[in-house]
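Since the structure comes first, as structure tokens, the remarks are kept for the end.
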Amino acid sequence: MTARSHARPAPGQRPPGWWRRVRERSGIVVGGTPSTERPRAWRVLTPAVVLLSGTLFAVSAVNSDGTDLRPGITDLVGLVSSEADEYERLRSRVADLTEEVNVLTSSLADRDVARVQGRIEEYADPAGLVPVEGEGLTVTLTDSPLGDDDTDQPERFLVVHQQDIQSVVNAMWRAGAEAVTIQGQRLISTTGIKCEGPSVTLHGVPYPPPYVISAVGDTAELAASVDGDRYLTQYREQSEQDDILIGWEMEAESEVEAPPYAGLLDLSYAEPIA
């Protein structure tokens, strides 16, 4: 047993020689003081971190070529228009393929096929698969030109909503319209109109304003139905209100063209669990 004590130090008391052992393990120069000495490892790591950061900045600058590597969506209307154009390209491709199928089908000399084709032709018109032309009415809805700094009205009063479009369409159907289109797209019984962000989606395709709604039918009856709709009366009043100015335009036309519906006819529906 030596004079050196092996007892556990009291709380807050450090054993003899503890600072020297800490300095030797962490690379601190012996002879310095705890307040001024720094580990040798930092003398190597600090320049390395600075060099690595500079390298990353240089690589980012080269790859971005002066642009933002994570650009935000600054032009939502442009994006919607781009998506709509892509849809039109795909829809045109579907129409071409459908025409090829029809030609091949008609070339089959089969009694059963002919019977099915006859039933298809019988229901093609009411299903919206036949083009319709004639006199009619066109209503155009668009967002207000006013911004947040121009009015104290809530934003919901300044933009066109799906219920605005749907109210125009319903008024046209009530007047006995033969066919109705939105943005030139034929509406059928399964058509849904849905608001998504700054656009309205029709048949799965987003469209920006203005929204052009046209109907083929008796012009006077169509106009009377639209004018008599209570919801649309409120809309028109807001279109004349200086602090709202939501867009509204209605015009009778001598010739309206409603192309056949060119989308998919598949239906999705729920089935009861057995």
Hits for side chain to side chain contact (heavy atoms under 4.5 Å, CB included) against Val212, two or more places apart or cross-chain, chain-then-number order -> Thr138, Thr140, Gln183, Ser214
Please report the interatomic distance [atom1]([X]) to [atom2]([Y]), rounded to the nearest 0.5 Å.
{"X": "Tyr207", "Y": "Gln185", "atom1": "OH", "atom2": "CD", "answer": "3.5 Å"}
{"X": "Gln241", "Y": "Gln153", "atom1": "CD", "atom2": "CD", "answer": "5.5 Å"}
{"X": "Glu253", "Y": "Leu222", "atom1": "CD", "atom2": "CG", "answer": "11.0 Å"}
{"X": "Ser239", "Y": "Ile246", "atom1": "OG", "atom2": "CD1", "answer": "8.5 Å"}
{"X": "Leu232", "Y": "Glu237", "atom1": "CG", "atom2": "CD", "answer": "11.5 Å"}

Between [X] and [Y], is there a shared hydrophobic cluster once you connect ILVMFWY residues whose side-chain heavy atoms come closer than 4.5 Å?
{"X": "Ile182", "Y": "Leu141", "value": "yes"}
{"X": "Val159", "Y": "Trp248", "value": "no"}
{"X": "Leu245", "Y": "Tyr211", "value": "no"}
{"X": "Ile193", "Y": "Val205", "value": "yes"}
{"X": "Phe157", "Y": "Val168", "value": "yes"}

Can you check whether [X] reaches [Y] side chain to side chain, under 4.5 Å on heavy atoms?
{"X": "Ile244", "Y": "Leu146", "value": "no"}
{"X": "Gln234", "Y": "Gln238", "value": "yes"}
{"X": "Arg236", "Y": "Asp227", "value": "yes"}
{"X": "Glu133", "Y": "Val256", "value": "no"}
{"X": "Ile165", "Y": "Ile213", "value": "yes"}

Residues Leu137 and Met172: closest non-hydrogen pair is O-CE, 3.9 Å
For the pair [X] (side chain) and [Y] (backbone), establish whether a donor and an acceptor sit closer than 3.5 Å, ignoring hydrogens and angles.
{"X": "Gln162", "Y": "Cys195", "result": "yes"}
{"X": "Thr151", "Y": "Asp243", "result": "yes"}
{"X": "Ser225", "Y": "Ala171", "result": "yes"}
{"X": "Tyr235", "Y": "Gly247", "result": "yes"}
{"X": "Asp150", "Y": "Gly147", "result": "yes"}
{"X": "Ser167", "Y": "Tyr231", "result": "no"}
{"X": "Asp143", "Y": "Val160", "result": "yes"}
{"X": "Arg186", "Y": "Pro259", "result": "yes"}

- Query: Any chance CD of Glu155 has more than 12 other-residue heavy atoms, nucleotides or ligands included, within less than 6.0 Å?
  - Reply: no
query = Taking it one step at a time, do Val216 and Glu135 satisfy side chain to side chain contact (heavy atoms under 4.5 Å, CB included)?
reply = CA-CA 6 Å; Val216 178; Glu135 67 171 359; over 6 Å; no
Contacts satisfying salt bridge (Lys or Arg N to Asp or Glu O under 4.0 Å) that involve residues 170-183 (not counting sequence neighbours) are Arg174-Asp229
